Amino acid sequence: MNVQVQRVETPAELKLASQFAERKDALVGADTLGAGRAAAFARFEAVGLPHRRVEEFKYTDMRARLREVADAGETQVTLPDAQGGVRVTSLAEALASDGAAIAERIAERFTGFDSPLLDLNEAFASAGAVIDIAAGANVAEPVRAGFAHPAGKRGDSVALYSVGSGASVTLIEKAGSADGGAQGGHVSHVDVADGAKVTFIRHVDAGAQGVHSGGLAVTVGANATFDLLLVVSTGELVRTDIGLRFVGGDAVANLRGLHLAGSTRHVDTTLFVDHAEPGCVSRELFKSVLDDRARSVFQGKILVRQKAQKTDGKMMAQALMLSDDAEADSKPELEIYADDVQCGHGSTTGRVDDTLLFYLMARGIPKREATRMLVSAFAGEVFDDLDEAVAEEFSAVAEEWLERHLA
Amino acid sequence: MLEIRNLHARIAEDGTEILKGVDLTIEAGKVHAIMGPNGSGKSTLSNVLAGKDDYEVTEGSVLFKGEDLLEMEPDERAAAGIFLAFQYPVEIPGVATMTFLKAAMNAQRKARGQNELTTPDFMRLVKEASGKLQVSQEMLRRPLNVGFSGGEKKRNEILQMTLLQPSLCILDETDSGLDIDALRLVAEGVNALRGPERSMLVITHYQRLLEYIVPDVVHVMSKGRIVKTGGKELALELEKSGYAEFVDAA
């Protein structure tokens, strides 16, 4: 048997290795997180930056795209405002008071597939937040956190969320550095206890030159509901690895995403949903609006384990092209071991419909405005069912992007 | 109002010629009907007038209120006063009917240099017009035409026509798919818009609609041309004898 050991060899990989060697003992929580970080970096080192022959990175060759690694910088974390039922601590504080438990939570990340990028994040993340929602709490205002990576530098952050049983909350996080050029990633762990209801929104705003490799690791308890909205509005290269596992029965997950990309931007969301328990419902709707030579990738895998009878899983990826040179890749996978399940997937790619455009124009609406109406109607589907104020906030992000991109 | 001279048009994609020299003049305040068998070019004519770019005009001219209509974009034609009531109104998910109505009315006002409507004024106009056409508030809240029945879609077309107050209304097979009650309602809506400054071009396959919207002039179209013109009695004649005689003559 040949075991192929792939060494870290590109300049970018070598720089990451030297950064880790230099910084590992100085990173916050070195005493408690040190072992986990070393293990994570060792996993990364064994494979290096993933390239297109690695199935999960088929469309996103990180080795080719990440040629230069920026110097390390400081990530600015904005912690949520205090409110009833919400306990917020910075990562540093949490490590100081409860290091071992935090280390365990970080090490338990579930994504369902190997992700060297999330391993890198785990190795370097030294800024972050721990946000716990008390059982039964009905949190009135959205809980908002920000993870701004340093402009022109590298930064990694991590957030640990736990939502107690029966609680209801909207969690909103903004990741990346809008004013440009940051490298790094933000990874969130979300543990949703039985019967909780969570709306989780991540807005990746990584700036024109930004490279963002983020992740989301979610476990959903029995009878819980987890609604996700991922909005990626800027960033030269944005990759988001999402893993969600049902750890209790009869739970619901609505996972939605919107990629807005122009220029030569590349946005990849790769998703793994693990139906490990019976009677759960998962819905995935990922949309992209693409201009210029932008490229959007959606890979989604649904695994239905043998005991997960009565699973209902449906996955849809839709791309709307504003230019001839944009590209959308969609790769759905279903792996089903139970026999009483309903699963499906679909994918569409198209341009703005001329028939609809003509109808609007025939009523006096100029072409640009008519196009804007149709594109926002397409994108807007991901905001359906959100709380009105939150829906408005993120449809404004889409509108603003559209204003810039429509000729 | 409208002067069509020797209009030739073909399908842009494959070059098939559909209109082969249409001549038609419509004066202000008049209602003209075009009848003809399937495939005679009736709907193509209405689409060419509205500016659909699936068709290419190869010859001839169209003047609307003295201006060259063929030079205008579809939205400019609408702002100038052309309204096409579609044979098959499209469904637009994600665009609420009210949002669409307001966008259309304000776009046309803007193009004419008028102020945008205030929300109360807009609401009042919609309420008045929708009540007469039995378009419910619930329909207005839905995405445009999504889940509307055939009759509801056609009523929604006439509602738009009422709100936009065009000077030339083109009704493309508005009677298709309507039962008698819906037909009567739609016809009442259309008749309410008749006036000395507004002309209409009613395209239909059947004479039935013309019992409700009584035309001043009836044309028969066949093989891409107008082959006969007469008064409203021509429609009755056609109902009795069919199109065969005209198709053969053309």
Side-chain angles (χ1 to χ4, degrees), chain A residues 229 231 256-258 260 283 285-289 316 318-320 322 346 348 350-386 388 391-392 394-399 401-403 406-407, chain B residues 12-13 46-55 72-97 99-112 114 143-146 153 156-157 159-161 163-166 169-170 172:
Chain A
L229 173 65
V231 177
R256 295 179 178 184
L258 179 62
L260 301 164
R283 290 282 177 277
L285 177 63
F286 283 80
K287 295 205 171 203
S288 51
V289 181
M316 174 57 88
Q318 297 180 320
L320 184 64
L322 302 179
T348 65
R351 298 154 59 100
V352 172
D353 188 323
D354 284 338
T355 313
L356 305 190
L357 198 59
F358 175 62
Y359 187 89
L360 295 178
M361 289 179 73
R363 294 297 177 256
I365 301 172
K367 188 170 189 177
R368 184 181 192 279
E369 171 66 8
T371 306
R372 194 195 60 72
M373 285 173 81
L374 293 174
V375 179
S376 22
F378 168 83
E381 200 186 342
V382 300
F383 307 126
D384 283 357
D385 311 324
L386 283 179
E388 202 173 323
E392 223 163 85
F394 289 94
S395 55
V397 171
E399 294 292 331
W401 183 90
L402 258 180
E403 274 305 315
L406 289 181
Chain B
E13 200 172 31
S46 64
N47 279 310
V48 166
L49 292 176
K52 192 164 171 70
D53 63 6
D54 293 7
Y55 303 98
M72 299 183 198
E73 291 295 320
D75 56 309
E76 295 168 334
R77 298 181 195 205
I82 298 240
F83 182 95
L84 170 63
F86 284 77
Q87 182 177 3
Y88 303 110
V90 295
E91 299 188 2
I92 310 191
V95 175
T97 306
T99 309
F100 158 74
L101 291 174
K102 197 169 181 192
M105 289 173 79
N106 279 334
Q108 294 203 13
R109 293 177 69 90
K110 198 173 160 195
R112 298 190 205 107
Q114 296 165 312
L144 186 61
N145 290 327
V146 176
K153 284 180 185 169
N156 194 18
E157 293 292 289
L159 171 65
Q160 293 168 37
M161 196 165 101
L163 290 171
L164 292 168
Q165 297 278 313
C169 307
I170 305 167
D172 186 5

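Worth knowing before you read on, the calculation uses all heavy atoms, side chains too, and leaves out hydrogens, waters and symmetry mates. Per chain, numbering begins at 1; letters A, B, ... match sequence-line order. Keep in mind that what you see is a predicted model, and the values were worked out from it rather than measured.
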Enquirer: Look at B/A78, B/A79, B/P166 and state which one has the largest set of heavy-atom pairs under 4.5 Å with chain A.
Expert: B/A78
Enquirer: Angle between ring planes, B/F86 versus A/F358, binned at 30° and 60°: parallel, tilted or perpendicular?
Expert: perpendicular
Enquirer: Please classify the contact of B/L144 with chain A as side chain, backbone, both or neither, using a heavy-atom distance under 4.5 Å.
Expert: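 The side chain, not the backbone.
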Enquirer: Could you tell me whether A/E381 and A/K287 make a salt bridge, using a distance below 4.0 angstrom between a side-chain N and a carboxylate O?
Expert: yes
Enquirer: Around A/R351, counting heavy atoms of other residues, nucleotides and ligands shown, do more than 12 lie under 6.0 Å from its CZ?
Expert: no
Enquirer: Checking side-chain contact (heavy atoms from CB on, under 4.5 Å) between A/R256 and each of A/V382, A/L386, A/V231, which is the one that passes?
Expert: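 Only match with A/R256 under side-chain contact (heavy atoms from CB on, under 4.5 Å): A/V382.
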Enquirer: As an exercise: rank B/A80, B/A96, B/A103 by heavy-atom pairs under 4.5 Å with chain A and give me the winner.
Expert: B/A103
Enquirer: Is B/A50 close to chain A through its backbone or its side chain, or both, or neither, when contacts mean heavy atoms under 4.5 Å?
Expert: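 It is both, since atoms from each part get that close.
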Enquirer: With only heavy atoms counted, which part of B/P89 is less than 4.5 Å from chain A, the side chain, the backbone, both or neither?
Expert: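 Both parts, backbone and side chain.
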Enquirer: Can any side-chain N or O of A/R372 pair as donor or acceptor with the backbone N or O of A/L402 at less than 3.5 Å?
Expert: no
Enquirer: Heavy-atom pairs under 4.5 Å with chain A - which of B/R77, B/E76, B/Q160, B/M105 has more of them than the others?
Expert: B/Q160
Enquirer: Find the one option among B/L164, B/I92, B/T99 whose heavy-atom pairs under 4.5 Å with chain A are most numerous.
Expert: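 Most pairs with chain A among the choices: B/I92.
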Enquirer: I want to check something: taking the side chain as every heavy atom from C-beta on, are A/V352 and A/F378 in contact at a cut-off of under 4.5 Å?
Expert: no
